[in-house]
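Read the structure below first, then the notes.
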Amino acid sequence: MPPALPLSTSRLLLERMLLIRAYEEKIIAFHEAGPFPHVCTSVGQEAAAAGVVSALAPQDQILTNHRSAGHLLARGADPGRMLAEVMGRSTGYCKGKSGTLHISAKELGVILTSTIVGGELSLATGAALSREMLGGDGIVACFFGDGAACEGIFHESLNLASIWNLPVLYVCENNQWQAYVHRKETMVGDHIAPRAAGYGIEALTVDGNDVEAVFEAATAAVAQVRATRRPFLLEATTYRQRGHMEPHDQSYVDPAEIAEWRAKDPIDRQKARLLAQGGLEEADLARLEARIRRDIDEAADFAAASPFPDPAELATEVYA
Amino acid sequence: MPLLTVNEAIGQAIAEEMRRDSRVLIFGEGTATKHPELVSEFGSARVRNTPLAEGIIAGTAAGAAATGLRPIVDLLFAPFLCFAMDELVNSAGKLRYMSGGQFAFPMVALAMTGGGWTVGAQHNHNLEAWFVHSPGLKVVMPSTPADFKGLMQAAIRDENPVLFFVDLALAFVPGEVPEGDVLVPLGQAAIRREGSDVTLVSYAKTVHTCLQAAETLAEEGISAEVLDLRTLKPLDTESILRSVRKTGRLVVVHEAAAPCGVGAEVAALVAAEAFADLKAPVVRITGPDAPAPSSYPLEQAFIPQPDAISAAARRLVALGLPVSAPGSAG
Ligand SMILES: Cc1ncc(C[n+]2csc(CCOP(=O)(O)OP(=O)(O)O)c2C)c(N)n1
Ligand SMILES: [Mg+2]
């Protein structure tokens, strides 16, 4: 089959996924080296982040959750400032007040990150209301998990966004797990997308480990939301390849399930696709990976060398 | 006596109560995954994983409690209680009274909080006073493994909804915990150290901070009494008043913010009931009126430290009437 996307796009998607993976692996390496703050990594879910975020325009806004690194990095966030935030340093995106769990970067349009599962869904409704009432053609993309879709606020959010005609692209990363509970234990059926119909919202499920499929579906969905000013739900079926958080534990996970999904790793798939298409040589790939690793090493050095905030900052910025 | 961590002590209390009373059950997000030993002993009907949905977890517990079961629900981190507020406050807390006493809500809601894990303000919020402010609820926040067990047993046997807070910094701390019934009645404070010059009232991990401060003060000839409230509602007013009448000086310490907190309640009690016994103003040492920061040094600055407590006690002693001579107390 001829490649559906321009080669430059296919390579950009791979590059963004490699960056996310390298960042997460750096966090894993920190954990292996000694005590380090807990972090929820997105290893295995890079295609959903890279595919959707790459389909957005600069005027669009993103809301994300506790597993946010992929969304931030795909949007162009500085991995040094992200790692600094994880390490509680004053050079972090939130000056050390957030830590890993609630990193917002308003300058990039990544706003209102909440680690209250479902919190981002309600806030996205308000952000989209602003988009609508303040003009422009921007939309709001809201990332959430299959677990968040079990919270009541998921239903409340979709209902209101639908009856008020709000431009929200809901992006459910269905990674099969909700912390220590498999989604099979908590929901009827395998997918979140069918729930949208109850609220008159169009929805689509896409192979979330195929970055090009995600990108194409997201591009169409973004265009539709932008044009119709109506919500849309895109569900990316994917897998959390590691435990809920680092230091990681998968003792409660069926090893066969892990193996099955490792074989569908989104990065391996995109590499294989590009190599097979002749869009990339092994040597290019090696150079690209080495460059990304070097960038992440430099980011980590920057973060580790950054100062902690002054304790005088403790009670600042509480009120506007 | 066996050494157990706080988490193990809670687990032991729950297992013993489930053995004792077949109406006791436990559920929450990941409860069955995290407690395979309870699943294998009591079965998957009495130990359940739930969907990720605090409102329905708490609401199911309240509905079940009023109709014959005795649920324990694990709501994980205290800020997640916000999604369960209606069910806990409006239903479990009020429907007994509003029904003219027709229903009771024998249930326990577990939640973790407190600094030390650098998890930031959506996982760490000492919001226990919110529930003290809500009628019909009891609130427990222990400081030792044995008390975690004893108060959990008492909470499960109580006929009222009990909010049971676990200070995260204590979760893995080991201590001696007896096997079998070690019921600690709700509403009873414990004197952790006797003293005659100043009373340090606290609960949860800052009890240990007060004990450290008392140690320093003792070296300077100031005798501090440390009172561990253990239960925030009902409050053991008698123990507080007895101690303050003896020492005449009071420092209340908690990690939760000062405005309308437990310290304010204790200070008001003492002002109303023991005004004449006070030799100095009441002082509160608390966390700031700010969300809990994640960064380690900021988080440490958030938590009351021994030096601040001993400095406050020293100031009160310097301000007030002379320190009592040994043996003259009371
Ligand atoms: C309201 C609330 N309840 C519980 C948690 C604890 N928690 C954090 S992430 C998580 C699992 C979330 O699952 P899902 O939405 O599928 O996202 P995933 O972690 O799989 O990306 C849980 C239970 C929380 N942060 N907020
Ligand atoms: Mg999930």
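Letters A, B, ... mirror the listed sequences (proteins, then strands); counts begin at 1.
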Item to check | Exam field: side chain B/S295 to backbone A/G88, donor-acceptor pair closer than 3.5 Å | outcome: yes
Checklist entry - What part of B/T50 is in contact with chain A, defined as an atom under 4.5 angstrom from a non-hydrogen atom: side chain, backbone, both or neither? => result backbone
Checklist entry - Quick check: are there more than 12 heavy atoms from other residues, nucleotides or ligands sitting under 6.0 Å from NZ of B/K205? => result yes
Item to check | Under 4.5 Å from any heavy atom of chain A - which part of B/E54 | outcome: both
Next on the checklist: Donor-acceptor check, side chain of B/T33 to backbone of A/V181, threshold 3.5 angstrom: yes or no?
Outcome noted: no
Item to check | Pairs of heavy atoms under 4.5 Å with chain A: top-ranked of B/A290, B/A32, B/A121 | outcome: B/A290
Next on the checklist: Need one label for A/A315: side chain, backbone, both or neither, based on atoms under 4.5 Å from any heavy atom in chain B.
Outcome noted: both
Checklist outcome for this item: Counting heavy-atom pairs under 4.5 angstrom with chain B, the leader among A/R89, A/E151, A/R183, A/E317 is A/E151
Item to check | Sub-4.5 Å side-chain heavy-atom contact between A/I153 and B/F83 | outcome: yes
Next on the checklist: Which atoms of A/A148 are under 4.5 Å from chain B, going by heavy atoms: the side chain, the backbone, both sets, or neither?
Outcome noted: backbone
Checklist entry - Rounded to the nearest 0.5 Å, how far apart are NE2 of B/H123 and NE2 of A/H66? => result 8.5 Å
Next on the checklist: side chain to side chain contact (heavy atoms under 4.5 Å, CB included) for B/Q122 and A/L101? Distances and angles first, verdict last.
Outcome noted: CA-CA 9 Å; B/Q122 289 184 339; A/L101 283 170; over 6 Å; no
Next on the checklist: Between A/S251 and chain B, with a heavy-atom cut-off of 4.5 Å, which part of the residue counts as in contact: side chain, backbone, both or neither?
Outcome noted: neither
Next on the checklist: Looking at chain A, which one of B/T31, B/N49, B/I56 has the largest number of heavy-atom pairs inside 4.5 Å, strictly under?
Outcome noted: B/N49
Checklist entry - So what's closer than 4.5 Å to chain B heavy atoms on A/D310: side chain, backbone, both or neither? => result backbone
Next on the checklist: Tell me which of these, A/A149, A/G99, A/G96, has more heavy-atom pairs under 4.5 Å with chain B than the rest.
Outcome noted: A/G96
Item to check | Structural part of A/F154 lying under 4.5 Å from a heavy atom of chain B | outcome: neither
Checklist outcome for this item: Looking only at A/S114, A/G92, A/G118, A/C94, most heavy-atom pairs under 4.5 Å shared with chain B are made by A/S114
Checklist entry - Does any non-hydrogen side-chain atom of A/T115 lie less than 4.5 Å from one of B/F80? => result no
Checklist entry - Hey, which of A/E85, A/H102, A/H38 has the most heavy atom pairs under 4.5 Å with chain B? => result A/H102
Next on the checklist: For B/L298 versus A/P311, what's the shortest heavy-atom pair and its separation?
Outcome noted: CD2-CA, 3.7 Å
Checklist entry - What is the distance from atom OH of A/Y180 to atom CD of B/E29, rounded to the nearest 0.5 Å? => result 12.0 Å
Next on the checklist: For a 4.5 angstrom cut-off between non-hydrogen side-chain atoms, does A/L314 reach B/P293?
Outcome noted: yes
Checklist outcome for this item: Most heavy-atom pairs under 4.5 Å with chain A, out of B/P36, B/C82, B/P288, B/S294, belong to B/S294
